[in-house]
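This report refers to the structure that appears directly beneath it.
All values derive from a computational prediction rather than experimental measurement. Values below: all heavy atoms of this structure, side chains included; hydrogens, waters and symmetry mates excluded. Within every chain, numbering begins at 1; the chains are lettered A, B, ... in the order of the sequence lines, protein sequences first and strands thereafter.
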Amino acid sequence: MVSSVKGTFDLFYPDIKKYLLMEECARKIFSLYGFSEIRTPILEHTELFSRSVGDETDIVKKEMYTFLDKKGRSLTLRPENTAPVIRAIIEHKLYESPRHSRLYYIGPQFRYERPQKGRYRQFHQIGIEIINDPFPLIDFEGILIAKELLNSLGILEVEVKINSVGCKKCRQNFISILKDYLNKFKGDLCSDCNERIERNTLRVLDCKVASCQKVIENSPVIIDYICDECKEHFSKVTQFLNDFEIPFKITPRLVRGLDYYTKTVFEMTSFKLGSQDAIVGGGRYDGLISSLGGPDIPSFGWALGMERLSLLMEDSPLNDNLLYLAWMGEECLKFAMECASYLRSKGVEVVLEGSLRSLKNSLKRAERFQANYSLIIGEDEVKSELLTLKNMRNGEQIALKLNEIPNFILNGE
RNA sequence: GUGAGUAUAGCUCAGAUGGCAGAGCGUCGGACUGUGGAUCCGAAUGUCACGGGUUCGAUCCCCGUUACUCACCCCA
């Protein structure tokens, strides 16, 4: 037997319903904020990610599905969707188009990691990108949208963690200060962190090793060192959050694993998940467009993990309005087919099965289908043109003419 | 990439000192010829993950591989 690839999975009823619900809610909310969808290819040139996400990040160093195609080009299954969206924006010169400044995407992403709870090799993200607006309002609205999306799906218990990682100029300044500090405690830091001091200094702040934690506790805090502009930006974002009563926690050690972030970074986490507790993550990336060859235009975005969200969602109620058509005898089949066709044209969901069954068996099938109704069509019904509609939830039966059924099922009349 | 645990029916899981492979649930059929869910009766379903070793004999012990689960790293 050939099985699915490690870290991938098949999605079907009932879990698929959660995904459809997520997508539906997301599309609804995004359009309320003036967003439109963008779909980019799953395959990109490897260079796109090494240049944007960063050569020194784990994602690029060890987590990408990269291969050579038949002409020897290095291609990569996208590990995230921000770089592809920005690539598309630049390629089509859409960065000045207001209509294309608010984009959302829904789709699969790929990272070659060891699977565990809430983490897969093919996973799915819903995300947004807001192009060409440098103002703190955008950071706030971005977070607000994510929060509204979660709320609309019944997820209320999330913690919003927020921080600023400064801009190109002031971050460098902080990094050298942090480097000086960390170098004093080299002996206390784990081997990973000793390497990070030079290659990816900020990430030391994120280390969970106990001995490193001690050093980090007393380390310089980035918000104290960022430039006035960045400080101003950050305080406006937090001010908006306060004004609109969105609880948040300033987390000085929150630095994210992608190099392109500037100023605001944020994460939404849930204690109900395992150790992979981030549902939404994102921030501002003012330098990304220019670093990919576009003009110097700022952006903001986040991504939400659908698998993690689905872990938090209750099993969705069975709100199907499915009708199972129980027909008896070959001489009823043609009539049953005509009924099915009519009902579907009126918007009723109808299952009609090919095998001739006893009524008892048909009702059993209806139950297994989790149908709300059974419509019984036998000799009597064909003659009288009064069909027997049975409510499978409470067992009640009523005789109706065919043209009365859609209204009865869809509107309860 | 690292560590630990697990792998037996569609699902959940038992099993023996190493000697014919088990249960519950589910599925299908019947009791009940036009009325499902309850009850009773019956039936089908297994390369005991894969490959090697030890043994008269291995699903069980040993080695290896793969997959799954959780954790580390990192991230959604």
Q) Below 4.0 angstrom, N of the basic side chain to O of the carboxylate: do A/R365 and A/E353 qualify? A)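 A salt bridge is present here (some side-chain N lies under 4.0 Å from a carboxylate O).
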
(Q) For RNA chain B, report each stem as range with range, ordered by first number, or say none. Use Watson-Crick or G-U wobble pairs under 3.5 Å, at least 3 in a row. (A)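 As far as RNA chain B goes, consecutive pairing (with distances under 3.5 Å) yields the stems B:1-7 with B:66-72, B:10-13 with B:22-25, B:27-31 with B:39-43, B:49-53 with B:61-65.
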
Looking at every strand, decide which applies to [X] at a 4.0 Å heavy-atom threshold: base, sugar-phosphate, or nothing.
{"X": "A/S374", "value": "nothing"}
{"X": "A/G329", "value": "nothing"}
{"X": "A/E80", "value": "nothing"}
{"X": "A/A366", "value": "nothing"}
{"X": "A/G118", "value": "base"}
{"X": "A/I126", "value": "nothing"}
{"X": "A/K62", "value": "base"}
{"X": "A/F9", "value": "nothing"}

Q: Quick one: which residue pairs count as a salt bridge (charged side-chain N to carboxylate O under 4.0 Å, His left out) with a foot in residues 160-173 of chain A, not counting sequence neighbours?
A: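 Listed by first then second residue: nothing to list.
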
Q) Which pairs, with at least one residue in residues 370-386 of chain A and sequence neighbours excluded, count as a salt bridge (charged side-chain N to carboxylate O under 4.0 Å, His left out)? A)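 Qualifying pairs, neighbours excluded: A/E379-A/K383.
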
Between side-chain atoms of residues 138-160 of chain A and protein atoms elsewhere (two or more places apart, or another chain), which donor-acceptor pairs fall under 3.5 Å?
residue: A/D139; atom: OD1; partner: A/H233; partner atom: NE2; Å: 3.4
residue: A/D139; atom: OD1; partner: A/R284; partner atom: NE; Å: 3.1
residue: A/D139; atom: OD1; partner: A/R284; partner atom: NH2; Å: 2.7
residue: A/D139; atom: OD2; partner: A/H233; partner atom: NE2; Å: 2.9
residue: A/D139; atom: OD2; partner: A/T264; partner atom: OG1; Å: 2.6
residue: A/D139; atom: OD2; partner: A/R284; partner atom: NE; Å: 3.1
residue: A/E148; atom: OE1; partner: A/Y33; partner atom: OH; Å: 3.4
residue: A/E148; atom: OE2; partner: A/Y33; partner atom: OH; Å: 2.9
residue: A/S152; atom: OG; partner: A/L149; partner atom: O; Å: 2.8
residue: A/E157; atom: OE1; partner: A/K272; partner atom: NZ; Å: 2.8

Q: First locate atom CD of A/E80, then atom CD of A/Q109, and finally report the distance between them rounded to the nearest 0.5 Å.
A: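 So the gap between those two atoms works out to 7.5 Å.
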
Q. At what distance, to the nearest 0.5 angstrom, does CG of A/N132 lie from CG of A/D286?
A.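 So the gap between those two atoms works out to 10.5 Å.
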
**Q.** Donor-acceptor pair under 3.5 Å, A/Q276 side chain vs B/C74 base
**A.**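 Indeed, a donor on one side and an acceptor on the other fall under 3.5 Å apart.
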
Taking atom [atom2] of [N] as reference, at what distance in whole Å does atom [atom1] of [X] sit?
{"X": "A/R119", "N": "B/A71", "atom1": "CZ", "atom2": "C1'", "answer": "10 Å"}
{"X": "A/W327", "N": "B/U35", "atom1": "CH2", "atom2": "C1'", "answer": "17 Å"}
{"X": "A/E379", "N": "B/U35", "atom1": "CD", "atom2": "C1'", "answer": "17 Å"}
{"X": "A/L375", "N": "B/G34", "atom1": "CG", "atom2": "C1'", "answer": "14 Å"}
{"X": "A/E63", "N": "B/U2", "atom1": "CD", "atom2": "P", "answer": "15 Å"}
{"X": "A/M64", "N": "B/G1", "atom1": "CE", "atom2": "P", "answer": "16 Å"}
{"X": "A/E113", "N": "B/C74", "atom1": "CD", "atom2": "C1'", "answer": "6 Å"}
{"X": "A/R111", "N": "B/G1", "atom1": "CZ", "atom2": "P", "answer": "18 Å"}

**Q.** side-chain N/O A/Q116 vs B/U69 OP1/OP2, d < 4.0 Å
**A.**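 No, A/Q116 has no side-chain N/O under 4.0 Å of OP1/OP2 on B/U69.
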
Q) Does B/C73 have OP1 or OP2 sitting under 4.0 Å from an N or O in the side chain of A/R203? A)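 So the side chain of A/R203 is outside the cut-off, no N or O lying under 4.0 Å from OP1 or OP2 of B/C73.
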
Rounding to an integer number of angstrom, what distance separates [N] and [M] when you compare their [atom1] atoms?
{"N": "B/C11", "M": "B/A7", "atom1": "C1'", "answer": "15 Å"}
{"N": "B/G10", "M": "B/U27", "atom1": "C1'", "answer": "8 Å"}
{"N": "B/C72", "M": "B/G19", "atom1": "P", "answer": "41 Å"}
{"N": "B/U17", "M": "B/A9", "atom1": "P", "answer": "22 Å"}
{"N": "B/A58", "M": "B/G18", "atom1": "C1'", "answer": "7 Å"}
{"N": "B/U45", "M": "B/A23", "atom1": "C1'", "answer": "15 Å"}
{"N": "B/A49", "M": "B/U59", "atom1": "C1'", "answer": "11 Å"}
{"N": "B/G36", "M": "B/G29", "atom1": "C1'", "answer": "16 Å"}

Q) Given that A/R121 and A/Y112 both sit by RNA chain B, which one's nearest nucleotide is further toward the 5' end? A)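 Nearer the 5' end of the strand: A/Y112.
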
**Q.** 5' priority, RNA chain B, between A/S4 and A/R308 [closest heavy atom]
**A.**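 Its nearest nucleotide lies further toward 5', so the answer is A/S4.
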
**Q.** side-chain hydrogen bond (donor to acceptor under 3.5 Å, both in side chains) contacts touching residues 302-313 of chain A (sequence neighbours left out)
**A.**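 Residue pairs with at least one partner in residues 302-313 of chain A: A/Y19-A/E307, A/H124-A/E307.
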
Q. Taking only residues at least two apart or on different chains, which pairs with a member in residues 36-47 of chain A satisfy side-chain hydrogen bond (donor to acceptor under 3.5 Å, both in side chains)?
A.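 Residue pairs with at least one partner in residues 36-47 of chain A: A/R27-A/E37, A/E37-A/R39, A/T40-A/R78, A/T40-A/N81, A/E44-A/R87, A/T46-A/S74, A/T46-A/T76, A/E47-A/R51.
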
Q: Enumerate the residue pairs fulfilling ring pair (Phe, Tyr, Trp, His ring centres under 6.0 Å) with a member in residues 380-413 of chain A, sequence neighbours excluded, ordered by first and then second residue.
A: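 Listed once each, the pairs would be none.
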
Q: Would you list the pairs meeting ring pair (Phe, Tyr, Trp, His ring centres under 6.0 Å) in which at least one residue belongs to residues 323-368 of chain A, sequence neighbours left out?
A: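 Output for this query lists A/Y324-A/F369.
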
Protein N or O to nucleotides 3-8 of chain B N or O, pairs below 3.5 Å:
none

Q) For nucleotides 36-44 of chain B, read 5' to 3', which letter fits each nucleotide if B means a protein heavy atom sits under 4.0 Å from the base, S means only the sugar-phosphate is that close, and - means neither? A) BB-------

Q. Residues in side-chain contact (heavy atoms from CB on, under 4.5 Å) with A/D69, at least two apart?
A.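 A/D69 satisfies side-chain contact (heavy atoms from CB on, under 4.5 Å) with A/K71, A/R73, A/L75 only.
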
Q: With sequence neighbours excluded, tell me which residues meet side chain to side chain donor-acceptor pair (under 3.5 Å) with A/S275.
A: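 Per chain and number, A/S275 pairs via side chain to side chain donor-acceptor pair (under 3.5 Å) with A/Q116.
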
Q.
Tell me whether the rings of A/F30 and A/Y104 are parallel (<30°), tilted (30 to 60°) or perpendicular (>60°).
A.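 Tilted, since the angle between the ring planes falls between 30° and 60°.
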
Q: Verify the ring-centre separation between A/F185 and A/Y181: is it less than 6.0 angstrom?
A: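 Distance test on ring centres: under 6.0 Å, yes.
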
